[in-house]
Structure formats: C-alpha cells, structure tokens
Amino acid sequence: MKYFTKEWYDEMQVSGFLVFPETEEEWETQQQMIREEGIDPGEMHRRDLEERKEDLLKFLPADFHPYIFDGTINSAFPTPELREMTAKWEANHEARVDALLDDYSRHYESIKEFLPPGAVQLTEKSLHDCIVKSADRPTDDRLVLLIDCRSGFHYFKDIQVTFTGVTEAIIPEDLTNAWWLYNEIYLNGDGFELHVLFDTPKTEVTIVCRDVQIEELE
C-alpha cells in the first residue's frame with residue numbers, strides 16, 4: 001500500500017482551503033487588510049479558487065458544488081449551511097488522516113528492526129520541507145542527493161544523502177529545488193524501498209537500494 005501519494009496530498013490542500021473566519025467582523029477585517037496591500041480581494045479569491053477548483057470538485061461532496069461554481073465558497077462570509085457541511089467533511093477527513101498515519105506507524109514499527117541504521121535515521125529525522133540542491137547518479141548503483149535542511153526540522157544545514165546498492169530509481173531528470181514532503185519505507189529483498197513525495201515539482205520518487213548514508217556538511 002502507498003500512503004503519502006499526490007492524491008492524498010491534494011486532498012490535504014483542500015482541507016487547508018476550507019478555513020473560514022469565525023465572525024463577519026473578522027471576515028471584513030481580512031478583506032480590508034487585503035485592500036490595504038493594494039490587492040483586489042475579489043480577484044484574489046477568484047484566482048485562489050481557480051487554482052484549487054479541480055481538486056475541490058474532486059474531493060468534496062456534490063452539496064459543496066454550487067458554492068464552488070458561484071465562487072461563494074471563498075468570496076463571501078460562509079453561510080451556516082456551508083459551515084456545517086465543512087465541519088462534517090473536515091471531521092471525516094481528519095479521522096481518515098489519523099487512521100492512515102496510525103496504519104503507517106504500525107507498518108514502520110513492524111519493519112524497523114530489519115532496516116539498516118541509515119534508513120532508520122532517514123525515516124526518524126524527518127526531511128519534511130527540506131530542499132534538494134542536486135541529485136547525481138555517479139554510478140549505476142549509487143544515487144547522491146545534496147539537501148538543504150535549513151527550512152526543515154533536523155540538521156539545519158546541508159546534508160548529503162547517498163543511496164548505495166541502487167537497483168531502481170524512479171526520479172525526475174531534474175529534481176533541483178524540489179521540496180521534500182513525506183516519505184514511506186518498505187522492505188525489499190535484502191534492502192529497502194523508499195517512496196518520497198516532493199513538491200515543486202509535485203512528484204513521487206521511488207528508490208530501491210541496499211543502504212543509505214547521511215553526512216552532515218559544514
């Protein structure tokens with residue numbers, strides 16, 4: 001099973017889109033702040049909706065669609081009906097995300113003792129929000145990533161991640177400046193299989209290898 005897919009991430013973004021102000025006064029204050037920055041609120045809301053429209057229609061139930069088509073899902077203070085529908089959908093979505101995370105955690109704990117130390121380190125010292133500076137394949141069985149971790153949660157410097165014994169690497173030709181979002185790991189023969197979801201570009205990378213080493217750079 002794959003857990004952290006592009007589709008899963010897109011639905012997460014829909015959840016982030018459905019954040020409403022609590023009061024009409026708060027809504028009006030937000031609109032005024034946008035105007036003070038020299039931005040037309042209506043145009044900004046139209047642009048934001050257009051960018052997310054396909055995913056909204058894909059992941060939200062049909063009862064939401066009229067609000068999407070007329071633009072009021074984000075261009076007006078939400079009606080009580082819209083707020084109630086959103087609260088129910090968000091509760092369901094949060095429960096599904098929690099269940100998925102729990103399922104993956106159980107999976108990881110069941111294989112952790114069989115993983116090489118570098119793979120455990122790669123998993124437990126998250127690279128979320130770190131940025132790829134380069135990706136090189138010096139030999140057929142080696143893949144080297146140079147990663148800037150200053151925007152992440154560990155290391156806070158450049159690191160070099162070297163995969164060895166690589167038998168498969170499904171990776172874009174250019175991964176420079178991609179943001180590391182989420183990763184999942186599986187046993188594969190005498191090694192492991194790593195799946196990483198990146199943003200900018202949004203892509204899913206798969207690496208099958210025997211080992212990985214992480215080196216902190218000065």
Side-chain angles (χ1 to χ4, degrees), residues 1-22 26-27 30 34 44-69 71-79 81-109 122-132 145 147-154 170-172 175-186 193-207:
M1 172 180 177
K2 292 181 67 175
Y3 291 87
F4 310 122
T5 63
K6 287 189 286 186
E7 183 168 291
W8 172 81
Y9 184 69
D10 287 342
E11 188 173 10
M12 290 272 286
Q13 303 316 294
V14 168
S15 177
F17 186 89
L18 296 175
V19 177
F20 302 132
E22 291 299 321
E26 183 181 341
W27 165 259
Q30 289 178 356
I34 295 170
M44 187 188 80
H45 296 320
R46 283 191 293 273
R47 186 176 63 249
D48 291 347
L49 177 58
E50 190 59 34
E51 182 179 327
R52 195 62 61 188
K53 187 174 183 179
E54 182 178 346
D55 288 336
L56 292 170
L57 292 171
K58 178 178 180 179
F59 293 111
L60 294 177
D63 287 347
F64 282 87
H65 293 187
Y67 296 93
I68 299 169
F69 288 126
T72 56
I73 194 167
N74 71 327
S75 66
F77 184 72
T79 64
E81 293 78 15
L82 178 58
R83 192 181 291 276
E84 182 179 359
M85 286 193 305
T86 299
K88 290 180 179 178
W89 185 86
E90 288 283 11
N92 176 271
H93 177 255
E94 183 177 349
R96 288 186 286 114
V97 169
D98 287 346
L100 181 141
L101 294 175
D102 288 345
D103 191 27
Y104 178 70
S105 179
R106 286 190 294 270
H107 158 75
Y108 172 68
E109 290 299 326
L122 185 65
T123 299
E124 298 188 0
K125 289 192 173 182
S126 171
L127 296 182
H128 182 72
D129 279 351
C130 297
I131 304 169
V132 177
L145 302 181
I147 301 177
D148 180 352
C149 296
R150 291 168 182 80
S151 56
F153 299 90
H154 299 281
I170 303 174
I171 185 170
L175 200 60
T176 305
N177 296 323
W179 288 71
W180 187 299
L181 295 177
Y182 301 95
N183 53 272
E184 56 196 80
I185 196 165
Y186 305 87
E193 179 175 329
L194 180 72
H195 295 262
V196 186
L197 177 64
F198 287 95
D199 199 6
T200 319
K202 191 186 300 176
T203 186
E204 297 174 26
V205 166
T206 300
I207 302 167

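Here, residue 1 is the first one in the sequence, and each next residue gets the next number. Note that the structure is predicted; figures quoted are calculated from it, not measured. As a basis for the values below, the full set of heavy atoms in this structure was taken, side chains included, without hydrogen atoms, waters or symmetry mates.
Summarising the local packing, CD of E90 is surrounded by more than 12 heavy atoms from other residues, nucleotides or ligands at distances under 6.0 Å. Residue K88 places its NZ atom among 12 or fewer non-hydrogen atoms of other residues, nucleotides or ligands, all under 6.0 Å distant.
For the residue pair E81/Y67, the side-chain donor-acceptor check at 3.5 Å is not satisfied.
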Side-chain donor-acceptor pairs of residues 49-66 under 3.5 Å, sequence neighbours excluded:
from: K58; atom 1: NZ; to: E7; atom 2: OE1; distance (Å): 3.1
from: H65; atom 1: NE2; to: L57; atom 2: O; distance (Å): 3.4
from: H65; atom 1: NE2; to: L60; atom 2: O; distance (Å): 3.2

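Two residues are said to be in side-chain contact when any heavy atoms from C-beta on lie closer than 4.5 Å; V132 and T176 fail this criterion. Under the 4.5 Å side-chain criterion, counting only non-hydrogen atoms from C-beta, Y9 is in contact with D199. Residues E193 and T206 form a side-chain contact, since some pair of their non-hydrogen atoms from C-beta on lies under 4.5 Å apart. Side-chain contact between K6 and F198 is absent, with no heavy-atom pair separated by less than 4.5 Å. Residues L175 and I171 have side chains in contact (heavy-atom distance under 4.5 Å, counting atoms from C-beta outward). Between P172 and V205, some side-chain heavy-atom pair lies under the 4.5 Å cut-off.
Residues L127 and L122 share a closest heavy-atom pair of CD1-CD1, 3.7 Å. Residues F17 and D48 approach most closely at CE1-O, 3.9 Å, considering heavy atoms. When all heavy atoms of E204 and L197 are compared, the pair lying nearest together is CG-CD1, 3.8 Å. Smallest separation of non-hydrogen atoms from P21 and F77: O-CE1, 3.6 Å. The two atoms that bring L18 and I73 nearest to each other are CD2-CD1, 3.8 Å, heavy atoms only. Taking all atoms of both residues into account, the shortest heavy-atom contact from G152 to C130 is CA-SG, 3.8 Å.
Residue Q13 holds its CD atom at 11.0 Å from CD of E11, rounded to the nearest 0.5 Å. We find the OH-CG distance between Y3 and L100 to be 7.0 Å, quoted to the nearest 0.5 Å. With values rounded to the nearest 0.5 angstrom, D98 atom CG is found 12.5 Å from D103 atom CG. Interatomic distance, CD1 of I131 versus CD1 of I147, reported as 10.5 Å (0.5 Å rounding).
Not one N or O on the side chain of S105 forms a donor-acceptor pair closer than 3.5 Å with the backbone of L101. Formation of a donor-acceptor pair under 3.5 Å by the E184 side chain with backbone atoms of H195 is not found in this model. With hydrogens and angles disregarded, a donor-acceptor distance shorter than 3.5 Å links the side chain of T79 to the backbone of L82. At least one donor-acceptor pair closer than 3.5 Å links the side chain of S151 to the backbone N or O of D129.
Applying the ring pair (Phe, Tyr, Trp, His ring centres under 6.0 Å) test to H154 and every residue at least two apart in sequence or in another chain returns nothing. Applying the side-chain hydrogen bond (donor to acceptor under 3.5 Å, both in side chains) test to S126 and every residue at least two apart in sequence or in another chain returns nothing. Applying the ring pair (Phe, Tyr, Trp, His ring centres under 6.0 Å) rule to W27 yields the partners H45; only residues at least two apart in sequence or on another chain are considered. For W179, the ring pair (Phe, Tyr, Trp, His ring centres under 6.0 Å) criterion is met by no residue, not counting sequence neighbours. Every ring pair (Phe, Tyr, Trp, His ring centres under 6.0 Å) that Y182 has, sequence neighbours left out, goes to F4, W8, H128.
Annotation: Y186 is in aromatic contact with H107 [ring centroid separation under 6.0 Å].
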Step by step, would you call N74 with F20 a side chain to side chain contact (heavy atoms under 4.5 Å, CB included)? CA-CA 8 Å; N74 71 327; F20 302 132; over 6 Å; no
